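In what follows, chains carry the letters A, B, and so on, assigned in the order in which the sequence lines appear, proteins first and then strands, with residues in each chain numbered from 1. Quantities reported herein were computed from a predicted structural model and do not represent experimental measurements.
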There are 2 protein chains.
Amino acid sequence: MARGTGTSSAKMKDVAERAGVSIKTVSRVLNNEPHVQEKLRQKVREAAEALDYVPSQSARSLRGNRSYDINLVCHVAGSNYVNSIQFGAVFACQELGYQLSISLLENLGGKSIAEIRSAFEGLMRRRKPDGVVLLAPYANDEKIGFVLNEMGIQVVRVGPVDGTQNQGLLVEIDDYQASIDVVRHLTNLGHKRIGFVRGSQDQRSAHVRYSGFCVAMEAAGLVVDQELVRPGAFDFAAGYDAGVHFLGLKQPPTAVFASNDDMAAGVVAACTERGVKVPDDLSIVGFDDAEIATRMRPFLTTIRQPLHDLGARAIHELIGSFNSSTSKNSAHRVVLDHELIIRDTTGSPPK
Amino acid sequence: MARGTGTSSAKMKDVAERAGVSIKTVSRVLNNEPHVQEKLRQKVREAAEALDYVPSQSARSLRGNRSYDINLVCHVAGSNYVNSIQFGAVFACQELGYQLSISLLENLGGKSIAEIRSAFEGLMRRRKPDGVVLLAPYANDEKIGFVLNEMGIQVVRVGPVDGTQNQGLLVEIDDYQASIDVVRHLTNLGHKRIGFVRGSQDQRSAHVRYSGFCVAMEAAGLVVDQELVRPGAFDFAAGYDAGVHFLGLKQPPTAVFASNDDMAAGVVAACTERGVKVPDDLSIVGFDDAEIATRMRPFLTTIRQPLHDLGARAIHELIGSFNSSTSKNSAHRVVLDHELIIRDTTGSPPK
DNA sequence: ACAATTTTTGACAAGGTTGTCAATTCTTGA
DNA sequence: TCAAGAATTGACAACCTTGTCAAAAATTGT
């Protein structure tokens, strides 16, 4: 009953009364709209502060047709990659007053536009997010971007994306350069027969990493032996299979570059089982610097992606685009730094 | 322009007109309130169906003072445990028309009630969730439960919890029995000297698993040698350290039960480095059946927790409690089944 | 100093739902 | 058949914010 003890929080009306202005003026000040005297601005801000005013999201959404929600869309698997990006995104949202919710979509690959549309509509019509963060493998699916655009939802994509499609917002690292860095590290150590384990064909990063690999090999005056290029799906098992294949070869490689850490760990596991010493007999490099890189023995040499930052930056770009006056189509591409982490799975090739 | 092409979706008013009833009646039908003739119910449902009506979350929230949001609160680390539960929860929310958002809280251990309160208020006042899912290590913090209760937010806790505090909603597995199962598996194989790696002291599960271990040892007529009980923090490094300790002993154990998979993997790593054969020289069991259990070699014998189901069930309990008429204090405890997964890290003790 | 213009301010409606309460219809008993 | 009571239905307000538009105040030009 006593003042300040009321359970319900202050409303705009209360702030207006305390500041001696109209409700609308309070609204203007709090939303940083123009056309208010500096003097009143101060008063309103003070009043809001004093009353510990917090705007009602539901009222804002209802009237303003904005949800202050951002949706992170990914497929079901809870990989370290998705997880780390997600955490970065959550932090950024907390900071900026948005809410991040997670949406899981069954694999949409190869679905028609109509099917994709209905999947998203089913997911989002209860509460339409202001923006969507699209992770691999959806980031590169132009149909999905199209559907979301059509629904009036701003999109930011994380990860490498085909150059062909209209760009929009994009946050990534330079996978191409990172692959070159890996090969250079290996060739500097003296390796000449270098194997490669590819990632899922439906993910752009898999292709980019492979082409970086090829270019760097060529630049080093080496040939890419197709016998030493194995398919994979970014999972441990594929790495293991590739490892078994390599070790069974008459002339095995002296180094293997796997397109991600899970697969690199698989290659190492195959070596461990067969008594092949890493890195003495075979050097191995991964990509991502996932948890497993320091959970395995020996520790994995790999490329560190700033996953956390990628997620955070994606959110910042998205929210920035809401407030900027530039049109929806404004393309913006952000490239974050990667880093080659040299640990214990790489060394000189055997004599 | 043509009928059905309108961009904005149907509102309650439209449904009411089509069904020839008042808006309020539509509301009643759609919310399953009593006092409506069956005949009208049908009509309304048909109309809603035909118009593809979806209620506006913001309007509902504004008027009804419910957000249809559920918050999953955990600390920063993106462990497999948190991740898997989260995925289960997201699925359940999608199914039930709620939105799951993630909140990350810096470590709140040892903070005062005032500090905890302000952390949550800062986090949640922009949009107060209808319920909160509390994961370890927060699940067992009674101060947090208290603060949330005071804020009028329903809570469901996942994981083992002290019996002392007022219960509320709780979803867990029987960690105690699971530990007994592990020990029984080991003693059945003939092990007598069994080591144990404990989990973080601030997590209830660590204590429960340890006491299950002790009881089962006693039941098998074995003594718990304190030399063979090592501390840990549920992380790989602690398991590794414990492994190094065990292997350096004059009389090492023939089996080790680690309180989670990460630590078990650490013990295995220590063995691998030292040329100790698993399971020939040392049997090792983990807990969780995390990803790493099948990413390591040999594959890890462990307890499978139905993490996905725990998350989903937590959501179901929470939402169920909103709709049920029973009071907030209604305690409900759900215990899901665990399973001992016997893989390749356990075998008979060496002669 | 006054009209014309620009800037600042506020009254009011609207957004889509649910709670309240009064009006209507139906049921029951005499 | 009619009164009393119960069940059903609907009109209207309320939730809290933002957009519209007109009114008021300040500024400019002559």
Exercise for review: Mind checking B/Pro34 for me? I need base, sugar-phosphate or nothing, with any heavy atom below 4.0 Å counting as a touch.
Suggested key: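 Counting heavy atoms under 4.0 Å across all strands, no contact is made by B/Pro34.
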Exercise for review: Give one of base, sugar-phosphate or nothing for A/Asn31, where a contact means two heavy atoms less than 4.0 Å apart.
Suggested key: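 A/Asn31: backbone/sugar contact only, no base atoms under 4.0 Å.
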Rounded to the Å, how far apart are [X] [atom1] and [N] [atom2]?
| X | N | atom1 | atom2 | answer |
| --- | --- | --- | --- | --- |
| A/Lys128 | C/dG16 | NZ | P | 13 Å |
| B/Lys11 | C/dA14 | NZ | P | 12 Å |
| A/Met12 | D/dG19 | CE | C1' | 13 Å |
| A/Arg60 | D/dC15 | CZ | P | 19 Å |
| A/Glu33 | D/dC21 | CD | P | 16 Å |
| A/Leu62 | D/dG19 | CG | P | 12 Å |
| B/Leu40 | C/dT24 | CG | P | 18 Å |
| B/His35 | C/dA23 | NE2 | P | 19 Å |

Study note, to complete from the structure: Among the nucleotides D/dT9, C/dG15, D/dT17, whichever has the atom closest to the side chain of B/Val36 is D/dT9
Determine whether the side chains of [X] and [Y] contain a donor N or O and an acceptor N or O closer than 3.5 Å.
| X | Y | value |
| --- | --- | --- |
| B/Thr25 | B/Ser22 | yes |
| B/Gln86 | A/Gln86 | yes |
| B/Asn65 | B/Arg60 | no |

Return the polar atom pairs (N/O with N/O) between nucleotides 11-13 of chain C and the protein under 3.5 Å, or none.
none

Is [X] salt-bridged to [Y], going by a charged N under 4.0 Å from an acidic O?
| X | Y | answer |
| --- | --- | --- |
| B/Glu172 | B/Arg157 | no |
| A/Arg45 | A/Glu49 | no |
| B/Glu46 | B/Arg18 | no |

Review point. Relative to the ring of A/Tyr98, is the ring of A/Phe322 parallel (under 30°), tilted (30 to 60°) or perpendicular (over 60°)?
Key: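 Ring orientation, 0 to 90° scale: tilted.
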Please check the phosphate of [N] (OP1 and OP2 only) for any side-chain N or O of [X] closer than 4.0 Å.
| X | N | value |
| --- | --- | --- |
| B/Ser27 | C/dT18 | yes |
| B/Gln37 | D/dT9 | yes |
| A/Thr25 | C/dG10 | yes |
| A/Tyr53 | D/dT17 | yes |

Review point. Quantified as the angle between the terminal helix axes (five pairs each), what is the overall bend of the helix from C/dA1-D/dT30 to C/dA30-D/dT1 to 10 degrees?
Key: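 If I round to tens, the end axes sit 40° apart.
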Review point. Looking at A/Phe120, does the NZ or CZ of A/Arg117 lie under 6.0 angstrom from its six-membered ring centre and within 45 degrees of the ring axis?
Key: no
Exercise for review: Please round to the nearest 0.5 Å and tell me the distance separating atom OH of B/Tyr138 and atom CG of B/Leu148.
Suggested key: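 CG of B/Leu148 is found 12.5 Å from OH of B/Tyr138.
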Point to revise | Backbone N/O of B/Asp130 and side chain of B/Arg66: donor-acceptor pair under 3.5 Å | key: no
